2 protein chains.
Amino acid sequence: MANQINSQLDNVFFALSHPTRRQMLDRLIDSDLSVTDISRGYNNAGPTISKHLRVMESAGLIQRTKRGRVHWVKLNPKPLKGVGDWMGQYKKFWDISLSSLDTYLKKISTKKRK
Amino acid sequence: MANQINSQLDNVFFALSHPTRRQMLDRLIDSDLSVTDISRGYNNAGPTISKHLRVMESAGLIQRTKRGRVHWVKLNPKPLKGVGDWMGQYKKFWDISLSSLDTYLKKISTKKRK
DNA sequence: ACAATACTTAGCCAAATGGCTAATCAAATA
DNA sequence: TATTTGATTAGCCATTTGGCTAAGTATTGT
């Protein structure tokens with residue numbers, strides 16, 4: 001139970017500890033991407049990219065769907081909730097997060113008013 | 001510059017990827033602790049604890065002060081701000097899709113309608 | 001049918017990680 | 001002064017990581 005969650009957190013934090021993997025995730029915010037799309041811009045060989053993807057997959061941060069020979073990769077942000085929860089303990093220290101949520105809420109309600 | 005920040009983030013995420021280290025940080029929320037205090041409850045040998053502490057220190061997550069032969073360890077939450085900032089990009093996903101904000105927005109709009 | 005494309009697997013390598021014991025350093029105490 | 005206590009450094013070991021190349025599996029195009 002708590003241990004399961006914990007080791008999942010391990011995987012998530014570990015996945016996020018490599019700049020290439022973080023950047024890949026960042027790219028996936030806007031749209032799903034093929035593996036070729038994702039690997040664009042890195043000097044890494046294919047298998048290296050593959051390994052990075054597997055790391056993120058076992059952390060639950062991405063999901064794949066094969067369509068034809070193309071593997072489509074989709075961000076799964078759910079595990080980040082765990083990070084956020086863990087971080088919550090520390091919010092009282094850096095406490096910016098509340099204000100950024102605030103800003104976000106304001107933006108939302110503005111849009112709705114149109 | 002951005003690379004400095006990035007590699008700092010690498011270190012922070014990596015430091016957080018081990019359950020022992022996360023738990024150590026958690027303990028430091030309430031009070032500063034000596035190294036002996038921190039190591040209480042783990043089956044690890046001294047040097048192993050030492051290594052964990054060094055990992056967190058190079059991530060900037062803790063600071064040490066020697067007083068006598070006791071090394072006091074203090075939480076430094078500042079690097080977590082970087083994590084929070086990075087997470088900010090993803091808030092729109094898990095805040096909304098994972099209930100709390102959704103519920104919140106509903107509550108808000110209900111109130112407004114009154 | 002054959003060649004090109006999109007990926008993954010297998011397997012190698014150097015470096016880093018997480019654990020240990022033994023030895024060392026520094027400070028407090030008997 | 002001699003010894004215990006708090007903690008680190010040195011160095012060993014097995015495993016994991018992040019990179020590679022070569023080879024294999026599907027699927028698509030010619």
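Keep in mind that what you see is a predicted model, and the values were worked out from it rather than measured. Naming: A, B, ... by sequence-line order, numbering from 1 per chain. The basis for the numbers below is simple: all heavy atoms, side chains too, and nothing from hydrogens, waters or symmetry mates.
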| Can you tell me if Q63(B) uses its side chain to pair, donor with acceptor, with the backbone of E57(B) under 3.5 Å? | no
| Is the shortest heavy-atom distance from the side chain of I62(A) to the side chain of K74(A) under 4.5 Å? | no
| query | Applying ring-ring contact (aromatic ring centres under 6.0 Å, His included), which residue pairs with at least one partner in residues 5-37 of chain A are found, sequence neighbours left out? | reply | F13(A)-W86(A), H18(A)-H52(A)
| task | Could you identify which residues of residues 67-74 of chain A place a heavy atom less than 4.0 Å from some atom of DNA chain D, listed by residue number, or say none? | result | G68(A), R69(A)
| field | Rounded distance (Å) that lies between atom C1' of dT17(D) and atom CE of M56(A) | value | 15 Å
| query | Looking at residues 40-54 of chain A, who's got a heavy atom less than 4.0 Å off DNA chain D? | reply | N43(A), N44(A), A45(A), P47(A), T48(A), K51(A), H52(A)
Polar-atom pairs under 3.5 Å, protein N or O versus N or O of nucleotides 1-3 of chain C: list them with distances, or write none.
none

| task | Any chance you could measure R21(B), atom CZ, to L53(B), atom CG, to the nearest 0.5 Å? | result | 10.0 Å
| N/O donor-acceptor pair under 3.5 Å between Y90(B) side chain and D26(A) backbone | yes
| query | Looking only at atom types and distance, does a side-chain atom of R64(A) sit under 3.5 Å from a main-chain N or O of W72(A), one as donor and one as acceptor? | reply | no
| query | Backbone N or O of I38(B) within a donor-acceptor pair of the R27(B) side chain at under 3.5 Å? | reply | yes
| task | Say whether, by atom type as modelled, one donor and one acceptor occur between the side chain of D37(A) and the main chain of S34(A) under 3.5 angstrom. | result | yes
| task | Supply the atom-to-atom distance T20(A) OG1 to I49(A) CD1, rounded to the nearest 0.5 angstrom. | result | 7.0 Å
| field | Any donor-acceptor N/O pair, T48(A) side chain to N44(A) backbone, under 3.5 Å | value | no
| note | Residues of residues 9-33 of chain B with a heavy atom under 4.0 Å from any atom of DNA chain C, listed by number, are F14(B), H18(B), R21(B)
| field | L16(B) vs V12(B), side chain to side chain contact (heavy atoms under 4.5 Å, CB included): CA-CA, chis, key distance, verdict | value | CA-CA 6 Å; L16(B) 299 179; V12(B) 173; 4.1 Å; yes
| Residues two or more places apart in sequence or in another chain: which of them pass salt bridge (charged side-chain N to carboxylate O under 4.0 Å, His left out) with R22(A)? | D10(B)
